[in-house]
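As C-alpha cells, the structure follows; a few thoughts come after it.
Numbers restart at 1 for each chain; the letters A, B, ... are given by sequence-line order, proteins then strands.
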Amino acid sequence: MLKQAMELLQTEKAFNPVITLLDWYDLNRRELPWRHAQPDPYHVWLSEVMLQQTTVVAVTPRYARFLERWPDIQALAEASLDDVLHEWQGLGYYARARNLHCCAQHIVAQDEGRFPDTEKALHDLPGVGDYTAAAIAAIAFGEPVAPVDGNVIRVISRLDALEQIMPTGKQVVQKRVTRLVPEDRPGDFAQAMMDLGAIVCTPRNPKCEICPWEEACKARAGGDAQSYPRKAPKKHKPTRYGVVFWLTDRSGRVMLRRREEKGLLGGMMEFPSTEWLEQAQSSEDVAFQAPVSDVVWKELVGPKKALEAIAIKDSHLF
DNA sequence: AACACGGGGTT
DNA sequence: AACCCAGTGTT
C-alpha cells in the first residue's frame, strides 16, 4: 500500500527522540560496576540507594567494598547494623544504611528472600520512594516505568521548555517521560536519561552542541536551555559559626561525645563544640562552653583548615 | 509545601 | 564565602 509506504518513510525520516537517545547511549555506554546484562535486583537496589544524593565517583569504590563484604541479601540480613553503618561511614544520609539493613532482614525473613519485583511492591520498602522504586523496576525487572530524578526533570523541562516551577511540577515531567518509555528497553532508557542529564544536559553550561536531542529541544531553540527547569527562589540559609574543641590526654586519645539518639547524626560520636550561632561568639562565651575548664585552650592557627572541616560550617547542617 | 537529612561540587 | 545539587520521609 502506498499509504503504508509513506508512513514507513515518514517514521524513518522523523526525529524519534527515544531511538536517538538509545543510539547515543549504546555508543557512549559507560562500564560501571552496577551495569550488567541481567542485573541482580540486590545490586541494582544497593547502587540506586547509594547513588541517592551521592556522586558516581564517591559511590564506585564504596559499592565494590560493600558487595565484597555482603555479596547477597542474605549476607546483609545477617550483618549487624553497626557493621553496616561503619561500612557506610562518610557516605552521609545514614538512614539509607539503616533502611537497607532493615529491608534485607524483612525480605529474607518474611518473603523467603524473594526480592519485590514490581514498582508498587518496591515502593513499600522503607527508603525506596518514587524514584528508586521505578529505577529498580525498570532496570532489574524490565517494567516499563520511568524513574524521575533531578536529571530527568532537567532534561524533560528543557526538551519541552516547561514553564512549571520545579519540583512542584514534577507530575508533568513524570507523565511526559512515561509516554516515551520503550517497552523493549525500559532499563536502558532510564539509564540513558540519567546519563544525558549527568553528562550533556548539565545544570550549568549544558553541552547542547553534542546533545542527541539538540534538534528537538525547545529550550535550546529558545536559546536559553540553562534557564530550565524553572525554580522557585530559594530561602536564605544563614551561615552559623561555632568552635570545635580538640582535647587530648597524655596517651594521645582525643575527647569525643555521643550525640542525642534523635535528630541529625543520631547516636553518633562527635567532637565537643559550642552552639552554632549566626554570629561568632566572644572568647568568654566559647570558654564557658568548653568541655573542661581547667586547661589552657590554644587557638589552632595553623591547622585552622582542619578545624573548619570538622566544624562543617554549612548553616543548615549544624 | 516545607523541612530535615550529609556529602560533594563550582564559582 | 557563597552558592548549587537533589531522593526519601516527616510534618
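Here side chain to side chain donor-acceptor pair (under 3.5 Å) pairs that include residues 88-99 of chain A, with residues two or more places apart or in two chains, are T54(A)-R96(A).
Closest contact between the side chain of Y131(A) and the listed nucleotides dG9(C), dT8(C), dC5(C) involves dT8(C). When distances are taken from the side chain of T54(A) to each of dG6(B), dG7(C), dG9(C), the shortest belongs to dG6(B). Comparing dA6(C), dT8(C), dA1(B) by their nearest atom to the side chain of T168(A) picks out dA1(B). Side chain of R204(A), nearest nucleotide from dT11(B), dG6(B), dG7(C): dT11(B). For D130(A), counting side-chain heavy atoms from C-beta on, the closest listed nucleotide (dT8(C), dA6(C), dG9(C)) is dT8(C).
For the P atoms, the distance from dT8(C) to dG9(B) is 22 Å, rounded to whole Å. dT11(B) and dA6(C) have their P atoms separated by 15 Å, given to the nearest Å. Of the P atoms belonging to dA1(C) and dG6(B), the separation is 24 Å, rounded to the nearest Å. The P atoms of dA2(C) and dC5(B) are separated by 22 Å, rounded to the nearest whole Å.
Classified by interplanar angle (parallel below 30°, tilted 30° to 60°, perpendicular above 60°), the ring pair W70(A)/F66(A) is perpendicular.
In terms of modelled atom types and a separation under 3.5 Å, the side chain of D160(A) and the main chain of L162(A) share no donor-acceptor contact. Formation of a donor-acceptor pair under 3.5 Å by the R220(A) side chain with backbone atoms of E214(A) is not found in this model. In this structure, Q105(A) contributes its side chain and H101(A) its backbone to no donor-acceptor pair below 3.5 Å. No donor-acceptor pair closer than 3.5 Å links the side chain of E119(A) to the backbone N or O of A133(A).
Heavy atoms from other residues, nucleotides or ligands lying under 6.0 Å from CD of Q171(A) number 12 at most. Other residues, nucleotides and ligands contribute over 12 non-hydrogen atoms within 6.0 Å of the CD atom of E209(A).
Note on T55(A): every side-chain N or O is 4.0 Å or more away from OP1 and OP2 of dG7(B). Contact check, Y94(A) against dG7(B): a side-chain N or O comes under 4.0 Å of OP1 or OP2. Within the structure, a side-chain polar atom (N or O) of K231(A) is placed less than 4.0 Å from OP1 or OP2 of dC5(C). R154(A) has no side-chain polar atom (N or O) that falls below the 4.0 Å cut-off from OP1 or OP2 of dC5(C).
Within 4.0 Å (heavy atoms only), P126(A) reaches sugar-phosphate atoms of the nucleic acid but no base atom. Across all strands shown, V128(A) has heavy atoms under 4.0 Å from sugar-phosphate atoms exclusively, and none from any base.
Judged by distance alone, with hydrogens and angles left aside, Y93(A) brings a side-chain donor or acceptor within reach of the base of dG6(B), the pair sitting under 3.5 Å.
Against DNA chain B, the stretch residues 137-146 of chain A makes no heavy-atom approach under 4.0 Å.
Atoms CG (D149(A)) and C1' (dT8(C)) sit 13 Å apart, rounded to a whole Å. Rounded to an integer number of Å, the gap from CE of M193(A) to P of dA6(C) is 13 Å. Atom-to-atom, CE of M194(A) to C1' of dA6(C) comes out at 13 Å; the value is rounded to the nearest Å. For the pair N99(A) CG and dC5(B) P, the interatomic distance rounds to 15 Å; values are reported in whole Å. Separating the OH atom of Y228(A) from the C1' atom of dC4(C) is a distance of 20 Å, rounded to the nearest angstrom. Taking atom CD of residue Q53(A) and atom C1' of nucleotide dG9(B), one finds them 14 Å apart after rounding to whole Å. Between the P atom of dC5(B) and the CZ atom of R98(A) lies a distance of 12 Å, rounded to the nearest Å. Atom pair L100(A):CG and dG9(C):P shows a separation of 12 Å (rounding to whole Å applied).
In this structure R69(A) satisfies the salt bridge (charged side-chain N to carboxylate O under 4.0 Å, His left out) test together with D83(A), E87(A), sequence neighbours excluded.
Taking for each of R96(A) and N205(A) the nucleotide of DNA chain B with the nearest heavy atom, the 5'-most of the two is the partner of R96(A).
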